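This report refers to the structure that appears directly beneath it.
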Amino acid sequence: MEKEFSVQIGDKPMVFRTGKLAKQANGAVMASQGDMCVLTTACISDTARTGIDFFPLLVDFEERYYSAGKIPGGFIKREGRPTESAILSSRVIDRSIRSLFDHSMRNDVHVVATVMSVDQVYPPSVLAINGASAALSISGIPWGGPVGAVRVGLIDGRLAVNPTEEQMLSSKLDLLVAGHDDGVTMVESGAEEVSEELLVDALELAQGEIKKLIALFRRMKEEAGQPEIEIPSPATFPEIDAWIKDNLDAEVNAAVRIHEKKPRYEKIDRIKKRAKEHFAELFPSSGDYIFAFVEERVKDIMRSIIVNEGVRVDGRGMDQLREIGCELGVLPRVHGSALFTRGETQALAVTTLGMIGEDDQVLDGIKLDEPAKRFILHYNFPPYSVGEVRAMRGPGRREIGHGALAERALRYVIPAESDFPYVIRVVSDILESNGSSSQASICGGSLSMMNAGVPLRKHVAGVAMGLIKEGEKVRVLTDIQGLEDHYGDMDFKVAGTRDGVTALQMDNKAGGITREILSSALAQAKAARLAILDKMEAGISSPSGLSANAPRVLQTTIDPEKIKDVIGPGGKVIRGITQKTGVKINVEDSGDVSISGPTQEQVNEALTIIRGLTKNLEAGEVYLGTVTRLMAFGVFVECLPGKEGLLHLSEVSTHRIPKSEDVFKPGDKVLIMVKEIDDMGRVNLTRRRLILDEAKVSEMGFAHCMPDERERENLIESVADNAPPRMDRDRGPQPRDRGGDRGGRDHRSYGGGRPPRRD
């Protein structure tokens with residue numbers, strides 16, 4: 001029997017229905033808010049997996065294109081691999097619930113959130129987290145939930161819970177928070193330089209709304225929940241535990257205090273092998289258990305040293321950064337590059353500039369009218385960065401998540417398209433890793449873009465904070481390394497400028513995090529961020545000039561009615577421009593035109609042609625034209641691409657010119673002025689007026705294009721000397737008429753007609 005539960009969160013209630021759909025799953029809930037509907041299911045395997053040392057939780061976020069009334073693009077016409085948005089949504093669900101499972105459980109748990117209806121008003125990810133919590137709560141699967149999730153925005157200076165997508169367009173904060181009664185479990189945030197105090201206020205506001213959801217899920221469990229499934233406790237070996245504590249704790253203690261990562265792990269591996277060899281005869285199949293228990297001792301001893309002695313594994317103080325190095329321009333042919341090193345973590349960030357409309361990323365998902373991305377950051381984590389050997393495939397969820405975090409941190413300082421008309425792609429390759437590689441990508445990306453000449457508003461730096469909490473004893477750690485991240489209670493990443501936070505990500509396993517702890521962690525992170533920014537600004541404080549290897553991009557706007565003149569029939573004209581100049585051209589329906597080419601000269605040439613195609617000839621303007629046809633009464637001159645005018649023999653010179661072929665040949669360059677454009681649109685040209693108007697000659701205002709210096713001198717000389725305007729100086733002396741200008745009449749029949757009478 002279907003049951004319905006609801007709670008008011010934001011402007012519209014969240015509604016959760018169960019008992020009708022997907023009844024074979026352990027738990028299934030249809031969550032909705034407005035017309036947004038997400039079906040979430042939770043299933044658990046009957047038996048535990050062996051040979052693994054982690055809890056096998058899998059979360060999938062499935063986008064159905066029908067939910068938005070769309071059909072997938074491409075030839076296959078069905079949903080394929082998950083979009084980046086879907087992967088990020090699956091990650092926030094996973095991070096919200098994972099820490100609440102018993103870490104010793106080895107039964108597979110699968111949570112699937114399927115987006116079935118999208119109203120473009122609320123984001124499906126918030127509903128999916130709550131749906132997953134509701135499905136787990138009624139499934140009988142043992143876990144420490146429930147959790148709730150809300151989104152917080154900063155609109156017109158006020159914090160708002162679960163605002164609509166339209167409202168979020170003007171928000172300076174996008175904060176997604178998940179948590180339980182004791183505190184926050186997951187935070188994902190992007191912001192426009194907000195203060196640390198405001199973030200704490202937003203987290204407190206979210207926690208109050210989350211408690212409403214948790215109360216609802218507990219009621220769902222009571223009224224519609226399944227009996228809790230009995231999961232056998234894992235086997236224990238008290239003899240092994242006691243022997244390792246008595247005989248190996250001293251060695252573990254010494255290993256934990258080794259400052260360098262690789263020697264530390266080598267020492268721990270030797271301890272594991274020694275324990276396994278000791279129990280090889282008595283417990284021959286207990287190798288996995290021994291290894292896991294040694295890891296548990298490493299965790300306990302490391303935490304005890306930090307909490308009780310105030311000493312970290314690499315000898316630093318609680319608020320001390322590792323040594324930082326910033327190198328710029330490390331690769332010779334790329335547009336911009338930087339190598340950012342912090343301790344044993346090293347990120348090589350490379351910036352590439354491209355053309356808008358050609359290189360930007362078109363997004364195809366369930367969100368309607370989503371604009372293309374002109375700033376992209378990709379994060380790569382090859383196995384050699386941690387000394388491992390494994391096959392390299394496409395990016396995993398971790399790589400996509402870390403890249404999205406770094407991209408979010410830097411997005412706010414990217415210049416507007418009108419100020420910098422480029423697509424910007426940053427690739428961060430992690431060459432060495434011992435914690436905080438996503439934050440190193442933020443620092444390296446900022447340096448790399450400055451090196452490429454991107455006019456960033458400010459530098460952005462990031463730092464990962466940690467927390468060790470044992471009872472009432474709390475230690476906040478600055479710039480955590482791998483071991484502190486793995487065995488700590490909180491991974492708290494904060495990125496921003498000198499003036500505020502631009503990105504925040506937190507995963508908490510410690511239970512209750514008070515306002516005092518959050519404020520202390522954010523204050524400590526700010527001090528570290530400012531110290532990192534000092535180092536970065538010492539390397540480069542303002543953008544370098546645009547890299548010589550970067551393409552040159554120009555943007556212009558033409559009359560939309562003239563687009564057809566630039567494109568031409570079947571694209572013939574625009575293909576001709578690109579083939580002639582070697583550039584890329586993108587024309588938008590609005591009339592915005594982007595031109596990208598290897599050199600400024602190529603871009604300028606293409607721009608000149610496009611302006612010529614879209615510009616109207618105007619009386620009184622001077623053009624450098626090309627002779628196209630010779631007639632008995634004059635010559636036709638192409639002043640602009642596709643736009644010709646008649647230069648009558650009487651307008652060639654102050655001297656009489658008997659025949660056009662005496663002076664011109666097709667292809668000659670001739671400096672002319674538009675004399676008039678008649679009512680029928682016919683263009684009459686003159687050169688004689690340039691000869692008579694010395695001021696016009698001296699100004700040489702070329703409306704179409706500027707010849708090179710030598711050609712310019714020849715043209716000026718020919719006009720000033722009243723000479724025939726032939727550009728081919730190798731043809732020898734040409735006949736000049738010695739008589740006065742008794743030139744003919746102005747004949748307007750361009751296609752033929754009676755030539756001017758000769759006296």
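On a predicted model such as this, the values are computed, not experimentally measured, just so you know.
A distance-only check finds no donor-acceptor pair linking the side chain of His335 to the backbone of Ala452 [under 3.5 Å]. A donor-acceptor pair under 3.5 Å links the side-chain atoms of Arg457 to the main chain of Tyr412, judged by distance alone. Here the side chain of Arg552 pairs a donor or acceptor atom with the backbone of Ala550 at under 3.5 angstrom. Although no hydrogens or angles enter the test, the distance criterion places no donor-acceptor pair under 3.5 Å between the side chain of Ser171 and the main chain of Asp174. Although no hydrogens or angles enter the test, the distance criterion places a donor-acceptor pair under 3.5 Å between the side chain of Thr502 and the main chain of Ala409. In this structure a side-chain-to-backbone donor-acceptor pair under 3.5 Å is missing from Lys373 to Gln361. Looking only at distances, no side-chain donor or acceptor of Asp360 sits under 3.5 Å from a matching main-chain atom of Ile356. With Asp429 contributing its side chain and Pro382 its backbone, the two residues share no donor-acceptor pair below 3.5 Å. Between the side chain of Ser448 and the main chain of Gly444, no donor-acceptor pair closer than 3.5 Å is present.
In this structure, a donor-acceptor pair under 3.5 Å is present between the side chains of Lys669 and Thr626. Asp499 and Thr497 share no donor-acceptor pair across their side chains, judged by distance under 3.5 Å alone. When only modelled atom types and interatomic distance are considered, Ser446 and His459 share a side-chain donor-acceptor pair under 3.5 Å. For the 3.5 Å distance criterion, the side chains of Glu618 and Asn616 fail to qualify, holding no donor opposite an acceptor. Using modelled atom types, one finds a donor on one side chain and an acceptor on the other under 3.5 Å when comparing Asp592 with Thr557.
For Leu169, the CG atom counts as densely surrounded, since its 6.0 Å shell holds more than 12 non-hydrogen atoms of other residues, nucleotides or ligands.
Listed by chain and residue number, nothing satisfies the salt bridge (Lys or Arg N to Asp or Glu O under 4.0 Å) test with Glu601 (two or more places apart in sequence, or in another chain).
The closest side-chain heavy-atom distance from Gln120 to Lys367 is below 4.5 Å. Counting only heavy atoms from C-beta outward, the side chains of Val334 and Thr352 never approach each other to under 4.5 Å. By the 4.5 Å heavy-atom criterion applied to side chains, Pro455 and Asp419 are not counted as neighbours. In this structure, Met449 and Phe375 have side chains that are in contact, with non-hydrogen atoms separated by less than 4.5 Å. Within the 4.5 Å cutoff, the side chain of Val573 has heavy atoms near those of the Leu613 side chain. You'll find the side chain of Thr581 reaches within 4.5 Å of the side chain of Ile609, heavy atoms only. Between Leu348 and Ser428, the closest side-chain pair of non-hydrogen atoms is not below 4.5 Å. At least one side-chain heavy atom of Phe420 sits less than 4.5 Å from a side-chain heavy atom of Leu546.
The existence of a salt bridge linking Glu407 and Arg425 is excluded, since no basic side-chain nitrogen approaches an acidic carboxylate oxygen closer than 4.0 Å. A salt bridge is defined here as a Lys NZ or Arg NE, NH1 or NH2 lying under 4.0 Å from an Asp or Glu carboxylate O, and Arg629 with Glu644 meets this definition. Using a cutoff of 4.0 Å between basic side-chain nitrogens and carboxylate oxygens, Lys675 and Glu651 are scored as salt-bridged. Salt-bridge check for Glu676 with Arg682: failed, with every basic side-chain N at 4.0 Å or more from each acidic carboxylate O.
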- For Leu690 and Leu671, what are the C-alpha separation, side-chain angles and deciding distance, and is it a side-chain contact (heavy atoms from CB on, under 4.5 Å)? CA-CA 9 Å; Leu690 289 177; Leu671 191 67; 4.0 Å; yes
- Message: Does Val622 form a side-chain contact (heavy atoms from CB on, under 4.5 Å) with Ile672? I'd like the steps, not just the answer.
- Response: CA-CA 6 Å; Val622 178; Ile672 44 81; over 6 Å; no
- Item | Verdict with reasoning, Val427 to Asn380, per side-chain contact (heavy atoms from CB on, under 4.5 Å) | CA-CA 8 Å; Val427 177; Asn380 297 315; 3.5 Å; yes
- Glu193 and Arg498: CA distance, side-chain angles, deciding distance, salt bridge (charged side-chain N to carboxylate O under 4.0 Å, His left out) verdict: CA-CA 9 Å; Glu193 293 185 303; Arg498 289 191 178 277; over 6 Å; no
- Item | Trace of the salt bridge (charged side-chain N to carboxylate O under 4.0 Å, His left out) decision for Lys70 with Glu63 | CA-CA 11 Å; Lys70 297 176 66 175; Glu63 294 177 327; over 6 Å; no
- Start with the C-alpha distance between His648 and Val635, add both sets of side-chain angles, then the distance that settles side-chain contact (heavy atoms from CB on, under 4.5 Å), and finish with yes or no. CA-CA 6 Å; His648 196 277; Val635 295; over 6 Å; no
- Message: For Lys615 and Glu621: C-alpha separation, side-chain torsions, deciding distance, then whether salt bridge (charged side-chain N to carboxylate O under 4.0 Å, His left out) applies.
- Response: CA-CA 12 Å; Lys615 180 179 174 59; Glu621 285 193 347; 3.6 Å; yes
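Val603 approaches Ser596 most closely through the heavy-atom pair CG2-C, 4.1 Å. The heavy-atom pair separating Pro421 from Val553 by the smallest distance is O-CG1, 3.1 Å. Here the closest heavy-atom approach between residue Ile71 and residue Tyr65 is recorded as C-CD2, 4.3 Å. In plain terms, the two heavy atoms of Ser67 and Val115 that are nearest each other are CB-O, 3.7 Å. Residues Leu649 and Ala632 come closest through the heavy atom pair CD1-O, 3.3 Å. The two residues Gln602 and Val583 have their closest heavy-atom pair at O-CG1, 3.6 Å.
Of the inter-residue distances, the one linking Phe340 atom CZ with Ile442 atom CD1 reads 10.0 Å to the nearest 0.5 angstrom. For the atom pair CD (Glu84) and CD1 (Ile376), the distance works out to 9.5 Å, reported to the nearest 0.5 Å. Rounded to the nearest 0.5 angstrom, Leu353 CG and Arg374 CZ are separated by 10.0 Å. In this structure, CD on Glu638 lies 9.5 Å from NZ on Lys643, to the nearest 0.5 angstrom. From Ile585, atom CD1 reaches atom CD1 of Ile574 across 4.5 Å, with rounding to the nearest 0.5 Å. Considering OG of Ser170 and CD1 of Ile155, their distance stands at 5.5 Å, rounded to 0.5 Å.
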